[in-house]
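Everything below concerns the one structure shown next.
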Amino acid sequence: MAIWMTALKIIPWADVLESAPHIVKAAKRLFSATKTDASIFAESSTESSTESSAATAGSSLANLNKRVRLLEARLVELSDEQKSSTELIKSLAEQNALVVEAIEVFRVRIKILLTLCIVLIGVLASLVFWLVMN
């Protein structure tokens, strides 16, 4: 437990709070960029497959065509993986923003509680001092 407390004390929470909105915006931009890239690739892959199917002369062209199709399929797989990764990053960034907001609320509450404790200690000390003097 002490390790976690030490780790939490080391983290510059002011910087984290300051950076959270930027992280969320960057994740959203990454997600939207990946989404548009995937749609552009889908359009270009259908065009290239029609062009490559028209040119099937010779075994070397057939092998080349097969390799291109395999590479296109792999590229689509990678694009899908990238899209799911960016969705995950977006989700994590939003969750991070929520955690940062909760930490900020806790920080404010701790300051209020600390102030109240100091005031109560002062009232208690003055009450004890008043009782001792009378």
Side-chain angles (χ1 to χ4, degrees):
M1 187 70 166
I3 295 172
W4 287 106
M5 294 303 290
T6 305
L8 289 175
K9 289 178 183 177
I10 292 173
I11 296 172
W13 290 109
D15 294 341
V16 172
L17 291 173
E18 198 174 293
S19 301
H22 302 295
I23 293 170
V24 172
K25 287 179 186 175
K28 286 180 181 178
R29 275 185 286 174
L30 178 63
F31 179 70
S32 63
T34 302
K35 203 176 203 180
T36 57
D37 288 347
S39 64
I40 290 170
F41 176 72
E43 292 171 4
S44 67
S45 66
T46 57
E47 292 171 3
S48 64
S49 65
T50 57
E51 291 171 2
S52 63
S53 65
T56 55
S59 64
S60 63
L61 278 177
N63 288 338
L64 185 60
N65 191 15
K66 184 178 179 180
R67 287 181 60 196
V68 167
R69 286 184 191 152
L70 289 173
L71 288 173
E72 285 177 344
R74 180 66 179 143
L75 193 55
V76 168
E77 287 177 18
L78 290 174
S79 178
D80 291 341
E81 287 179 16
Q82 183 183 11
K83 184 178 178 182
S84 64
S85 295
T86 56
E87 289 174 359
L88 176 64
I89 290 170
K90 179 183 176 187
S91 173
L92 290 174
E94 290 171 353
Q95 290 175 7
N96 185 32
L98 292 175
V99 168
V100 168
E101 288 175 15
I103 289 172
E104 180 64 21
V105 168
F106 287 141
R107 189 183 64 80
V108 169
R109 287 181 183 174
I110 287 172
K111 280 187 175 182
I112 291 170
L113 287 174
L114 184 61
T115 304
L116 286 175
C117 287
I118 290 171
V119 168
L120 287 175
I121 289 172
V123 169
L124 183 63
S126 63
L127 183 63
V128 168
F129 181 71
W130 181 77
L131 288 175
V132 169
M133 292 309 236
N134 286 333

Gap separating the [atom1] atom of [X] from the [atom2] atom of [Y], nearest 0.5 angstrom:
{"X": "Phe106", "Y": "Ile103", "atom1": "CZ", "atom2": "CD1", "result": "8.5 Å"}
{"X": "Ser126", "Y": "Ile121", "atom1": "OG", "atom2": "CD1", "result": "12.0 Å"}
{"X": "Ser85", "Y": "Leu78", "atom1": "OG", "atom2": "CG", "result": "10.0 Å"}
{"X": "Asn96", "Y": "Ile89", "atom1": "CG", "atom2": "CD1", "result": "12.5 Å"}
{"X": "Leu113", "Y": "Leu120", "atom1": "CG", "atom2": "CG", "result": "10.5 Å"}
{"X": "Asn65", "Y": "Leu61", "atom1": "CG", "atom2": "CG", "result": "8.0 Å"}

Is there a side-chain contact between Arg107 and Glu104 (heavy atoms, below 4.5 Å)?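 When only atoms from C-beta onward are counted, Glu104 and Arg107 do touch, with a gap below 4.5 Å.
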Donor-acceptor contact present, side-chain Thr115 to main-chain Lys111, <3.5 Å: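 Yes; at least one donor-acceptor contact below 3.5 Å.
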Under a 3.5 Å distance rule, please check whether Ser79 uses its side chain to pair with a backbone N or O of Leu75 as donor and acceptor.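 Not a single qualifying donor-acceptor pair exists.
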Pair Arg74-Glu77, salt bridge (Lys or Arg N to Asp or Glu O under 4.0 Å): steps then yes or no: CA-CA 5 Å; Arg74 180 66 179 143; Glu77 287 177 18; 3.2 Å; yes
ILVMFWY clustering at 4.5 Å (side-chain atoms), partners of Leu114: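 Grouped by the 4.5 Å side-chain rule, Ile118 form the rest of the cluster around Leu114.
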Can you list everything that forms a side chain to side chain contact (heavy atoms under 4.5 Å, CB included) with Val105? Sequence neighbours excluded, please.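 For Val105 the side chain to side chain contact (heavy atoms under 4.5 Å, CB included) partners, ignoring immediate neighbours, are Arg109.
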Evaluate Arg69 against Glu72 for salt bridge (Lys or Arg N to Asp or Glu O under 4.0 Å), listing each step before the verdict. CA-CA 5 Å; Arg69 286 184 191 152; Glu72 285 177 344; over 6 Å; no
